[in-house]
> 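To start, I am sharing the structure in question, which I have written as structure tokens.
Both ligands and their constituent atoms are indexed starting at 1 by order of listing.
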Amino acid sequence: MPESRIREPAAAEAGRGSFIGGAGSTTDASVELMRLINAYQLSQALHVAASLGVADHLKDGPQTSDTLAQACGADPGSLYRLMRALAAVGIFHEAKGQRFSLTTLGACLTGDAPGSRRDYARWIGTPGMWQSWGNLLHSVRTGEGAAEFTAGVDAWTYRDQHPEERAVFDAAMTALSRAEAQAVIEAYDFGRFGCIVDIGGGEGQLLTAILLACPGAEGILFDQPKVAASAKRVLSSAGLGQRCEAVGGDFFESVPGGGDAYVMKSVLHDWDNAAAARILRSCRRAMPPGASLLAIERLVGPPNEDPSGKFFDLNMLVQYGAQERTREEFQALLRIGGFDLIDVVTTRSALSIIVATPSPAE
Ligand SMILES: C[S@@+](CC[C@H](N)C(=O)[O-])C[C@H]1O[C@@H](n2cnc3c(N)ncnc32)[C@H](O)[C@@H]1O
């Protein structure tokens, strides 16, 4: 290749020194590339460790891999090989006699760690997710989601048909949402609103956190009927039964009226522009004058930066034929949906709060 066509990757993009790859790999492009090519092995190894609950078994102190194998229901020799591989990349620490303990990274694989990644790691290796990524080539060739190509139905229907995978997905989303909700309420004063409607509010982690932080506010959670029913239980058990309703429905048809703020977290990224604009238009029709829209989403960063945002974007492509968006893309989408973007508030998580108001021309 002519030298002018070779570019040095930005440090963040290169993500050097973290996982598969030996000493000296940072000076050797071919070895570094091999490390990146083999990164799928680490994802699957973490998925297996999380599915077996290995880290949870190490919470009370070091264990030999034989004892762990018995506790987790695994083959002792094979579990030892998994553990030593993960110890080699800093997830566990291996001491004499095949004894393993948790490192700081490994502690995040326990179920009750703050910011636990256990359920997320369990989810990425479920057949629906793993096989969809196996068909990324189809998505890139056609622009279609790979989940539907792989399973014959869209990702939502697939999970409805596979309740065991749905349970893992729900647990992963709940864990993610809990951590993100905290970051969102720290970054924005929701106390200025009397009635907050959470569109596609899931099981209610965000609305629960907002209402607990804002005792003067009332809430309406809106989601598909089955999800709204389980959100109702979450909200009641947080003592919010009197201050919050859970309403089931379809946001492509209509959403509840009368709110001062319409919050929508991690919803627009599930849809392509045409569908996302339809959801926005439903909100626009329901919103009283002066109400605010707060879309809480990941903003894709500038060229050569933000690998995590850009790989999340590919995940949305594979899963739903959908996308993460840049600030400019959100601005254009909001305009089509009948809104003006007025502010973007960053949080300490990867999510930003995109504040919009109904366009006066509508
Ligand atoms: C990625 S989840 C986000 C959930 C929640 N906002 C959060 O951040 O954890 C998207 C949500 O949209 C809901 N949803 C999908 N299609 C819907 C529809 N047609 N009408 C209402 N809600 C829908 C899903 O049930 C799900 O709870």
Side-chain angles (χ1 to χ4, degrees), residues 115 119-120 123 128-129 145 147-148 153-160 163 165-185 187-188 190 196-211 219-235 238 244-256 259 261-272 274-283 285-286 293-298 312-313 315-325 347 349-354:
D119 293 327
Y120 191 84
W123 174 52
M129 178 72 167
E148 188 148 0
V153 288
D154 67 57
W156 302 102
T157 309
Y158 174 86
R159 286 193 286 268
D160 282 344
E165 287 187 44
R166 163 119 214 175
V168 178
F169 171 77
D170 287 345
M173 292 306 118
T174 299
L176 260 189
S177 226
R178 201 172 289 134
E180 291 168 349
Q182 198 49 42
V184 167
I185 58 169
Y188 192 83
F190 289 89
I196 298 162
V197 187
D198 190 355
I199 303 295
E203 295 195 331
Q205 280 75 32
L206 177 63
L207 195 53
T208 299
I210 292 174
L211 294 179
I220 303 173
L221 182 139
F222 182 80
D223 207 296
Q224 301 184 85
K226 254 196 278 179
V227 185
S230 58
K232 198 182 174 102
R233 289 191 287 278
V234 172
L235 291 157
C244 192
E245 261 184 275
V247 178
D250 177 358
F251 50 41
F252 291 109
E253 298 296 325
S254 63
V255 305
Y262 283 70
V263 172
M264 210 189 281
K265 176 173 157 298
S266 308
V267 169
L268 296 174
H269 78 158
D270 286 343
W271 304 96
D272 65 20
R278 281 174 62 205
I279 301 170
L280 288 169
R281 289 217 161 266
S282 291
C283 294
R285 284 194 299 276
L293 178 83
L294 305 170
I296 303 172
E297 296 280 353
R298 181 184 288 277
F312 261 91
D313 174 58
N315 192 40
M316 300 321 289
L317 170 63
V318 159
Q319 291 284 297
Y320 308 112
Q323 65 180 106
E324 303 289 355
R325 295 175 173 89
T347 74
S349 76
L351 300 179
S352 295
I353 304 169
I354 302 157

> For atom 9 (O) of ligand 1, what's the nearest protein heavy atom and its distance?
S177 OG, 2.6 Å
> Which of parallel (below 30°), tilted (30 to 60°) and perpendicular (above 60°) describes W156 and Y320?
parallel
> Which residue and atom name correspond to the protein heavy atom nearest atom 25 (O) of ligand 1, and how close is it?
D223 OD1, 2.6 Å
> Does a side-chain heavy-atom distance below 4.5 Å link M264 with L280?
yes
> Answer yes or no: is there a donor N or O on one side and an acceptor on the other, between the side chain of S282 and the main chain of V255, under 3.5 Å?
no
> Within the structure, is a non-hydrogen atom of Q224 found at a distance of less than 4.0 Å from ligand 1?
yes
> Output the distance between atom CG (D170) and atom OG (S230), rounded to the nearest 0.5 Å.
7.5 Å
> Show the atoms of ligand 1 that are less than 4.0 angstrom away from any heavy atom in G249.
20 (N), 21 (C)
> Applying a strict 4.0 Å limit to heavy atoms, is L206 in contact with ligand 1?
no
> Please round to the nearest 0.5 Å and tell me the distance separating atom CG of L294 and atom OH of Y188.
4.5 Å
> Nearest protein heavy atom to atom 10 (C) of ligand 1, by residue and atom, and its distance?
D270 OD2, 3.4 Å
> Give the residue and atom name of whichever protein heavy atom lies nearest to atom 8 (O) of ligand 1, and the separation in Å to one decimal.
K265 NZ, 2.6 Å
> To which protein heavy atom is atom 19 (N) of ligand 1 closest, and what is the distance rounded to 0.1 Å?
D250 OD1, 2.9 Å
> Taking non-hydrogen atoms only, is V227 closer than 4.0 angstrom to ligand 1 via side chain, backbone, both or neither?
side chain
> Tell me, which protein residue and heavy-atom name are nearest atom 20 (N) of ligand 1, and how many Å apart are they?
F251 N, 2.9 Å
> Measure from the side-chain N and O atoms of E297 to the backbone N and O of V267, and report whether any donor-acceptor pair falls under 3.5 Å.
yes
> Say you draw a straight line from CD of Q323 to CH2 of W271; how long is it, rounded to the nearest 0.5 Å?
13.5 Å
> Return the closest protein heavy atom for atom 1 (C) of ligand 1 as residue, atom name and distance.
S266 O, 3.1 Å
> Quick test: of every protein heavy atom, which one is nearest to atom 11 (C) of ligand 1, and how far off is it to 0.1 Å?
G200 O, 3.7 Å
> For G128, is there any backbone N or O sitting under 3.5 Å from a side-chain donor or acceptor partner on E165?
yes
> Of V247, L207, D198, which meets side chain to side chain contact (heavy atoms under 4.5 Å, CB included) against F222?
V247
> Has A181 got any heavy atom lying under 4.0 angstrom from an atom of ligand 1?
no
